[in-house]
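All heavy atoms count here, side chains included; hydrogens, waters and symmetry mates do not.
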Amino acid sequence: MNANKALWEKGDFTRIADCMRESGEALVETLGITQGLKVLDLGCGDGTTAIPAARLGADVLGVDIASNLVSAGNQRAAHNALTNCRFQQGDASNLEELGNDTFDLAVSIFGAMFAPRPFDVAKEMVRVTKPGGRIVMGNWIPGDPTLVAQILKISSAYSPPPPDGFVSPMTWGVEENVIARFESAGIPRGKISFSRETYTFNMDAPPSRLLEVFKNYYGPTMNAVAAAESNGRAGDLLAELETLFRNQNIAVDPGTTSIPATFLRVTAGIV
């Protein structure tokens with residue numbers, strides 16, 4: 001079985017996404033969505049970006065490797081009566097089911113960065129986007145002190161070494177890597193821009209509850225916990241994560257959670 005597919009079907013990312021809706025809507029508001037704009041949301045999950053884009057009038061296709069998230073996305077679109085939004089299964093490294101020059105805007109917020117073969121991901125995103133269109137990515141940044149980068153860093157210390165040839169998804173958070181990948185796909189360096197922005201995880205519960213959600217439903221954390229349990233270190237891992245979540249919480253009410261996380265926003269113009 002495809003390892004990336006197995007990772008994201010192992011848990012239930014919809015439970016994480018429930019804490020990300022407000023930031024997803026705020027980001028979509030900055031994308032310049034217009035009526036009838038053809039949008040691809042790659043690594044879409046259950047539609048944190050796709051659903052608000054469709055509400056603004058875009059014609060949206062969400063593509064994700066995890067069948068459970070595709071199903072959840074289609075259910076959300078139906079529940080919201082969004083006939084202009086649909087979801088299907090696919091691999092960001094090989095979008096063979098999608099035609100050339102199909103979309104005005106290709107978006108991937110913390111999605112395609114986790115696919116293998118990053119140069120193929122860049123090539124496919126460029127291929128399916130129309131000349132004059134745009135690609136917008138949101139990617140976590142390696143070494144960043146905020147939540148998700150630190151979750152992944154801590155988790156990796158308790159996990160087995162990755163297989164030979166593995167390329168960390170966090171390399172998408174390094175500007176020079178992004179430039180190299182899109183240049184190889186035909187996008188000049190001058191058409192690629194970057195900014196540092198913030199996504200906030202909100203929950204009407206204390207940080208310990210958000211940690212439980214990550215522990216039980218977020219594939220990378222689930223794998224790290226399983227590996228730590230196998231060598232008697234699960235308590236150490238969870239203690240580190242508990243401290244991280246508690247220290248990063250900026251909510252005034254200690255019974256609620258609001259944790260900001262910095263990400264690299266990438267914009268590439270298709271020539």
Side-chain angles (χ1 to χ4, degrees), residues 4-5 8-9 11-115 121 124-139 197 199-202 217-219 263 265-268 270:
N4 199 41
K5 177 178 169 66
W8 296 107
E9 290 185 349
D12 181 4
F13 191 79
T14 65
R15 301 292 292 269
I16 311 295
D18 283 342
C19 306
M20 303 170 69
R21 304 298 189 200
E22 294 174 32
S23 285
E25 291 174 5
L27 187 150
V28 169
E29 290 284 350
T30 71
L31 294 177
I33 300 294
T34 55
Q35 191 73 30
L37 194 77
K38 293 190 176 301
V39 175
L40 169 67
D41 186 3
L42 189 55
C44 59
D46 69 345
T48 299
T49 304
I51 296 291
R55 287 193 184 119
L56 291 176
D59 182 6
V60 184
L61 173 64
V63 172
D64 201 282
I65 198 165
S67 59
N68 57 324
L69 298 180
V70 169
S71 177
N74 279 318
Q75 289 175 25
R76 290 189 69 218
H79 178 75
N80 287 275
L82 293 170
T83 58
N84 56 329
C85 185
R86 63 186 180 88
F87 296 78
Q88 68 184 44
Q89 202 166 353
D91 185 340
S93 300
N94 181 11
L95 297 170
E96 59 185 353
E97 70 280 7
L98 302 182
N100 296 349
D101 306 336
T102 300
F103 300 95
D104 302 299
L105 172 65
V107 181
S108 187
I109 307 302
F110 322 128
M113 67 174 288
F114 288 98
V121 171
E124 287 293 82
M125 293 185 79
V126 171
R127 180 183 66 78
V128 302
T129 307
K130 297 176 183 178
R134 290 173 294 143
I135 294 170
V136 176
M137 296 184 75
N139 302 324
E197 300 187 14
Y199 230 80
T200 303
F201 294 80
N202 292 316
Y217 300 106
Y218 186 58
F263 68 95
R265 177 166 171 163
V266 178
T267 303
I270 307 299

How long is the straight-line distance from [atom2] of [Y] back to [atom1] of [X], given to the nearest 0.5 Å?
X: Asp64; Y: Trp8; atom1: CG; atom2: CH2; result: 9.0 Å
X: Arg134; Y: Thr267; atom1: CZ; atom2: OG1; result: 7.5 Å
X: Arg127; Y: Phe103; atom1: CZ; atom2: CZ; result: 9.5 Å
X: Asn4; Y: Asp91; atom1: CG; atom2: CG; result: 7.0 Å
X: Met137; Y: Phe263; atom1: CE; atom2: CZ; result: 11.5 Å
X: Leu40; Y: Thr129; atom1: CG; atom2: OG1; result: 7.0 Å

- Item | Backbone of Ser67 reached by a side-chain donor or acceptor of Glu9 within 3.5 Å |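 Answer holds: yes.
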- Query: So, the side chain of Asp46 versus the backbone of Thr14: is there a donor-acceptor pair under 3.5 Å, distance only?
  - Reply: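 No: the side chain of Asp46 does not pair with the backbone of Thr14.
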Side-chain contact, heavy-atom cut-off 4.5 Å: [X] with [Y]?
X: Ile135; Y: Val266; result: no
X: Asn84; Y: Val60; result: no
X: Leu105; Y: Ile33; result: yes
X: Ile16; Y: Phe201; result: yes
X: Ser93; Y: Val121; result: yes
X: Pro131; Y: Asp101; result: yes
X: Leu42; Y: Leu95; result: yes

Check [X] against [Y] and note the closest heavy-atom contact, atom names and distance.
X: Tyr199; Y: Thr48; value: OH-CG2, 3.7 Å
X: Met113; Y: Gly138; value: SD-O, 4.4 Å
X: Glu25; Y: Pro52; value: CG-CB, 4.0 Å
X: Cys85; Y: Ile51; value: SG-CD1, 4.2 Å
X: Asp41; Y: Ser108; value: OD1-CA, 4.5 Å

- Residues, nucleotides or ligands: over 12 heavy atoms within 6.0 Å of Glu22 CD: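 12 or below, so no.
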- Item | Residue from Val128, Leu98, Thr102 passing side-chain contact (heavy atoms from CB on, under 4.5 Å) with Leu61 |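 Of the listed options, the one satisfying the test is Leu98.
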- Query: So Phe13 and Tyr218, would you call those rings parallel, tilted or perpendicular, with 30° and 60° as cut-offs?
  - Reply: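 Tilted: the ring planes of Phe13 and Tyr218 meet at 30° to 60°.
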- Query: Would you call Arg21 and Asp18 a salt bridge, using N to O less than 4.0 angstrom?
  - Reply: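 Answer for the salt bridge query: yes.
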- Query: Would you call Lys38 and Asp104 a salt bridge, using N to O less than 4.0 angstrom?
  - Reply: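 The answer is no: the pair does not qualify as a salt bridge.
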- Candidate pair Arg76 and Leu82, rule side chain to side chain contact (heavy atoms under 4.5 Å, CB included), full reasoning: CA-CA 9 Å; Arg76 290 189 69 218; Leu82 293 170; over 6 Å; no
- Query: For Arg265 and Thr30, does a side-chain donor sit closer than 3.5 Å to a side-chain acceptor?
  - Reply: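 There is such a pair (donor and acceptor under 3.5 Å, judged by atom type) between the side chains of Arg265 and Thr30.
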